[in-house]
Novice: 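Please find one structure pasted underneath; my questions will follow.
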Amino acid sequence: MNVTSGDFAFIPLGGTGEIGLNLNVYRYDGALLAIDCGIGFGGAEHPEVEVMVPDPAWLAERRDRLAGLVITHAHEDHIGAVAALWRQLRCPVYGSPFVVAVLRRKLAEAGLLNEVKLHTIPLGGRFQVESFDLQFIRVTHSVPEAQSLVIRTRYGTVLHTGDWKLDPDPLIGEPADEAAFAKLGEEGVLAMICDSTNVMVEGHSGSEGEVRRSLTALLRQLKGRIAVTCFATNLARVESIAVAAQAAGRRVALFGRSLRNAEAAARECGYLTEAPEFVPEEEAAFVPDNELVIICTGSQGEPRSAMAKIAADTHPSIALGEGDTIIFSSRMIPGNERAILKMQDDLSRRGARIMTADDHMVHVSGHPARDELKRLYSLVKPKYAVPVHGEWRHLTEHAALARSLGATPVLVEDGDVLSLAPGKPDIVESVPVGKLAIDGDRLLPMEGGLLAARKRMLFNGVVIASLAVDQGGKVLGQPQLSAPGLFENGDNEPAQIAVDLGRAVGDLPVIVRREDDMLREAVRGILRKSVGKKLRKRPSVEVHLLRV
Ligand SMILES: [Zn+2]
Ligand SMILES: [Zn+2]
């Protein structure tokens, strides 16, 4: 069977078998539809990289068949790579009003606003993207306007849940549209492609309403300055902090660019109506300590965030320390633990008190725990279950749960082409996938030579030597050597190595000294040996050879 001519297939290119970097593709009789396009963090596994995006090469090669990109919600792991990858995809983009408001700001920053065709779809709207018959269903999550996507085809219906939970009191927006899920279940669902993040968590994920009540009680008891960090797009949380602050007789300032961007997008969409007017950042320092709450970016330890600057005591407009309280109203995204704990440590050393979700009710997850998963399966009653949005231990646990709830699980990972119909679901081929690092304005392959070299330099350092020789290979003047990151400034060791190098080159056979490549290689060998002996390291060695 020629699988591309007539079938309905799910092709995860990012986010299945890993955390973050969500990029999903559906293929319907040859036409392609992408869902979400997000970033991931380098974390401890890739210290040479801060932000990564999924490699879209396979999709980009087929972009003449790509009907569009639908965004389920405005989280970075679903929306953050659109600007970086759009030039390769060049397709229209669809999302809710808040998704479009957030995306518009990101595209404007990237100079792409006038190039991208953005389509705003009303909440719960049904719409057509070429041959794809689509419908959003409202869910709750830790960002407003999160939605699941229904894809109806002549082979059957798929529910792509996106990130969701069943919050009875989401504070912003309505609870999830369970009636729409029930109706879909009656209609018949071939497969549900579903969030696996919290499948290990028993019970219910809790509610934003509980967090608001708890923060309100907590802030009333505290003295000194209070800083709270949370995800910028968690508007219910931002509003809860603001409402709790007001109830405690405090004014609120927003610190950090992503919070200000989220606030602008929120006001544009009619959210944050309960929050009082925010104090401008520059004026926060003039508010008395007991009358101030700062809401900060940096809950994930991001190095340039407001909280990172406060922790390092380099923030231009505020300092926190003895007598102040810092609340982490967030969870740690896997991979960011070290950066976050280091930040918390720096803040405690300054004398500030740290509160987290481990010791206070200051956060609930945006993803479904087991009771919520059970509820959704009972409403939708999918024939097949495809766990996504998680690492393998989440996917396998989710598969076991789905089986116990009457669905047949199918496990896939990034790069698998899962043909859902006709016939039984089956992985029919695999396509190339990978990650790219965002490096300034460039996208670099993670497996490529550049980043591998940078990682080597990060751990082993780099030695750069320059030397001039005449046609016969006689060293002219004194070779120069620098080794940033290996020797202190002012250390005379590099100069000594350079002197030894000049002598060692003089001892090389004439045939080696006459030929540029051979001489360069020999110099490299000499330096590796001499530096290796002194430092017990194998640095990268660069040689600049000038033949005069
Ligand atoms: Zn997500
Ligand atoms: Zn999300």
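Read the numbers this way: they start at 1 and go in the same order the structure lists the ligands and their atoms. Positions are given from 1, in the same order as the sequence printed here.
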Novice: Taking Arg403 for the side chain and Pro409 for the main chain, is one N or O donor matched with an acceptor at less than 3.5 Å?
Specialist: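 Not confirmed, Arg403 side chain does not pair with Pro409 backbone.
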
Novice: Just give me the atom name: the N, O or S atom of Asp163 closest to the Zn ion (ligand 1).
Specialist: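 Atom name of the closest N, O or S in Asp163: OD2.
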
Novice: Does Val433 reach the side chain of Pro54, with side-chain heavy atoms less than 4.5 Å apart?
Specialist: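 Heavy-atom side-chain distance check fails, nothing below 4.5 Å.
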
Novice: Does any N, O or S atom in His73 come within less than 2.8 Å of the Zn ion (ligand 2)?
Specialist: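 Coordinating: yes.
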
Novice: Using 30° and 60° as the class limits, which term best fits the ring planes of Phe98 and Tyr271: parallel, tilted or perpendicular?
Specialist: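 Aromatic pair Phe98/Tyr271 classed perpendicular.
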
Novice: To the nearest 10 degrees, could you say what angle the Zn ion (ligand 1) makes with NE2 of His389 and NE2 of His78?
Specialist: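 Answer comes to 100°, rounded to 10°.
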
Novice: As a test of reading the structure, name the N/O/S atom of His75 that is nearest the Zn ion (ligand 2).
Specialist: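 The closest N, O or S atom of His75 to the Zn ion (ligand 2) is ND1.
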
Novice: Between Arg370 and Glu397, is there a side-chain N and carboxylate O pair less than 4.0 Å apart?
Specialist: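 Judged by the 4.0 Å cut-off on N to carboxylate O distance, Arg370 and Glu397 do form a salt bridge.
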
Novice: When you measure from the side chain of Arg62 to the backbone of Trp58, do you find a donor-acceptor pair of N or O atoms at a distance under 3.5 Å?
Specialist: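 Judged by distance alone, yes, a pair lies under 3.5 Å.
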
Novice: Return the name of the atom in His141, of element N, O or S, nearest to the Zn ion (ligand 2).
Specialist: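 This residue's closest N, O or S atom turns out to be NE2.
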
Novice: Strictly under 2.8 Å, is any N, O or S atom of Asp77 next to the Zn ion (ligand 2)?
Specialist: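 Checking the Zn ion (ligand 2) against Asp77, no N, O or S atom falls under 2.8 Å.
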
Novice: Thinking salt bridges, do Lys106 and Glu76 make one under a 4.0 Å N-O criterion?
Specialist: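 So Lys106 pairs with Glu76 through a salt bridge.
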
Novice: Do any N/O/S atoms of His367 come under 2.8 Å of the Zn ion (ligand 2)?
Specialist: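 Coordinating: no.
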
